[in-house]
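Within every chain, numbering begins at 1; the chains are lettered A, B, ... in the order of the sequence lines, protein sequences first and strands thereafter.
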Amino acid sequence: MIAFEGVAYNYGGGELLSDVSLRLAPGSFHFLTGPSGSGKTTLLKLAYGELLPTSGHVTLFDKTVRGMTRDDVALCRRRIGVVHQDCQFLDHLPLTTNVVLPLTVAGRSADAGNLTELLKWVGLGSLGSALPPSLSGGERQRAALARAIIMDPEVIIADEPTGNLDWEMSLRLLTLLVELNRMGKTILIATHDLNLIRQAKAQVSTRVLRIKDRRLQLAGADL
Amino acid sequence: MKLLSGLLSHDRQADRVVPPSGFTAQLTVFTSAAMAFLAVFALALSMASGRLADRWAGALAGTATIRISAPPDQIAAQEAAVLSLLATTPGIRSSRAIPPEEQTKLLEPWFGPGLPIDALPLPRLVELTEGPGGYDGEGLRQRLAAEAPGAVLDDHTRWRRPLAVAAERLRFLGLLSLALIAGATGAMITLAANAALSANLPVIRVLRLVGAKDSYIVRAFVRRFTLRALSGAAAGTVLAMIGVALLPRADEAGGFLTGLGFQGLGWLLPFVLPPITAIVAFAATRLAALRTLKGLTR
Ligand SMILES: Nc1ncnc2c1ncn2[C@@H]1O[C@H](COP(=O)(O)OP(=O)(O)OP(=O)(O)O)[C@@H](O)[C@H]1O
Ligand SMILES: [Mg+2]
């Protein structure tokens with residue numbers, strides 16, 4: 001689904017990522033860890049086509065990102081649900097409108113029943129008409145997750161999805177992701193939260209990737 | 001037209017993804033209204049001067065008069081000489097003596113009715129109508145001098161030609177003003193659209209991240225600006241047309257200032273201004289949006 005081959009990236013200064021190779025097979029579940037500032041968000045941005053690698057190749061659904069037009073990238077994003085670290089919304093529109101935005105821009109309409117159920121599931125059932133700026137950090141993250149999965153994407157990429165959540169809510173969110181994975185979705189999550197990773201390992205077979213010294217390694221049993 | 005109706009039927013949901021921005025919205029409406037207002041006057045000017053140019057040019061092509069002043073006993077002979085001379089002059093289609101009753105009618109506006117025309121030493125008038133190739137005015141004048149010494153050729157060409165040229169140029173200036181107004185409208189709407197686009201970069205980023213194509217984003221902006229320009233221009237056009245309609249009516253003498261306005265079907269012409277403004281706004285916003293999007297990360 002998503003493949004990196006000898007990918008390097010720098011923002012103009014020194015190289016941030018070097019020789020990164022990675023293959024997300026359909027139905028796989030990956031965690032991405034590493035110190036703050038090591039390039040986790042950057043790697044995820046490469047994985048959904050927001051950034052182009054400085055060298056090497058990123059392939060999304062068998063198409064190399066470098067050869068994609070802006071429209072190709074847009075179409076790819078409809079198959080990849082993304083929870084961004086900074087969870088941006090359209091601040092002038094209520095939460096429900098924001099959550100169904102991926103459907104709206106694709107020219108599809110939302111099933112009202114599904115939407116209510118989804119919002120209830122992420123614990124935002126009563127906040128549907130709230131404006132995003134009035135939400136707490138955790139509420140924003142849950143809303144972002146709801147927005148990421150409403151399109152029923154093949155791949156779900158989440159950047160620190162539990163960063164602002166309490167443990168109970170984190171577990172609930174993990175359970176949802178595990179469930180989605182069992183339904184065949186490919187999952188990639190960047191997180192610092194080792195407890196979350198351990199919890200996931202107990203439920204599903206996962207691989208843990210770690211960025212260390214600009215390179216991507218497979219973390220071993222030390223977790 | 002298809003483009004415009006597609007624009008209008010586009011779903012409101014898409015329209016709302018861009019937050020309403022009061023200031024650029026008002027700016028666009030005002031600019032379009034002001035520009036349409038000016039355009040109506042430029043249009044009225046070029047149409048009025050066009051009519052004038054046509055009339056004068058028509059008069060140029062049309063006729064000339066020969067005035068015969070002679071002692072009463074010679075006048076009939078000279079008139080006959082002039083008529084026969086004209087009949088053999090190449091480039092003259094027809095000629096006729098203007099009968100005294102018609103002459104009275106011509107003079108009535110100046111001297112009032114009941115003019116005792118027989119008592120006045122009025123010259124005899126012969127009107128000639130030019131043929132397609134035109135005639136040689138100087139040659140005619142010389143032959144007239146030889147055969148009918150009391151006859152003077154008065155071709156209106158001499159004083160009307162500069163007027164016709166001026167009117168023609170005025171029409172051109174009016175049309176040029178229309179083109180300039182269209183260009184200025186496009187430029188101002190481009191500025192307003194650019195301001196709106198930069199103010200909404202975060203919105204554009206979110207839309208891209210959830211999978212919106214550029215065309216979707218462009219449409220949201222274009223639709224807004226087009227509708228605002230359309231409504232502004234409609235208001236400006238109507239106001240200006242009221243202004244033109246309230247100008248004092250032209251009497252039949254048709255002075256230039258009082259002739260400024262529209263006639264008959266010409267009143268329909270200003271109604272093309274709002275759609276044209278909308279098309280200008282459409283093109284300007286579309287260009288600005290596409291250019292902005294191309295410069296952003298994917
Ligand atoms: N747009 C940018 N321009 C220049 N440098 C950037 C940009 N974005 C990120 N960086 C730098 O790249 C490095 C990696 O950033 P990144 O956001 O990928 O880290 P991260 O691993 O996600 O960190 P965190 O765990 O704190 O979220 C950081 O040093 C950051 O300052
Ligand atoms: Mg990060």
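Proximity to chain A (any heavy atom under 4.5 Å) is shown, for B:L293, by both the backbone and the side chain. For A:F89, the part lying near chain B is the backbone, with the side chain staying farther off; criterion is any non-hydrogen pair under 4.5 Å. Within the 4.5 angstrom heavy-atom criterion, no atom of A:S109 approaches chain B. In this structure, the portion of A:L52 lying under 4.5 Å from any heavy atom of chain B is its side chain and not its backbone.
A:R66 CZ: more than 12 foreign heavy atoms inside a 6.0 Å radius. Within 6.0 Å of CG in B:L246 there are more than 12 heavy atoms belonging to other residues, nucleotides or ligands. Counting non-hydrogen atoms of other residues, nucleotides and ligands closer than 6.0 Å to CZ of A:F61 gives a total above 12. Summarising the local packing, CZ of B:R169 is surrounded by 12 or fewer heavy atoms from other residues, nucleotides or ligands at distances under 6.0 Å. Crowding of B:F41 atom CZ: a count of heavy atoms from other residues, nucleotides or ligands under 6.0 Å exceeding 12. When the shell of 6.0 Å around CD of A:E117 is examined, it contains 12 or fewer heavy atoms from other residues, nucleotides or ligands. For A:H92, the NE2 atom counts as densely surrounded, since its 6.0 Å shell holds more than 12 non-hydrogen atoms of other residues, nucleotides or ligands.
Listed options A:V73, A:V82, A:L90, A:D91 were ranked by heavy-atom pairs under 4.5 angstrom with chain B; first place goes to A:L90. Annotation: maximal heavy-atom pairing with chain A below 4.5 Å, among B:I217, B:N200, B:V203, B:V206, occurs at B:V206. Counting heavy-atom pairs closer than 4.5 Å to chain B, the top-ranked of the candidates A:G49, A:P102, A:C76 is A:P102. If you tally non-hydrogen atom pairs under 4.5 Å between each of A:R70, A:E50, A:Q88, A:R79 and chain B, the highest count goes to A:R70.
Side-chain contact check for A:L101 versus B:L207: some heavy-atom pair is nearer than 4.5 Å. With contacts defined as side-chain heavy-atom distances shorter than 4.5 Å, the pair A:K45/B:T297 does not qualify.
Salt bridge status for B:K213 with A:D72: absent, with no side-chain N to carboxylate O gap under 4.0 Å.
Interatomic distance, B:Y216 OH to A:D71 CG, rounded to the nearest 0.5 Å: 14.5 Å. Here the CG atom belonging to B:L209 is positioned 7.5 Å from the CZ atom belonging to A:R147, to the nearest 0.5 angstrom.
Put simply, the side chain of A:R77 gets close to the backbone of B:R208: a donor and an acceptor are under 3.5 Å apart.
The two atoms that bring A:A74 and B:A212 nearest to each other are CB-O, 3.6 Å, heavy atoms only. Contact detail for A:D86 and B:R205: the closest heavy-atom pair is OD2-NH2, 3.7 Å.
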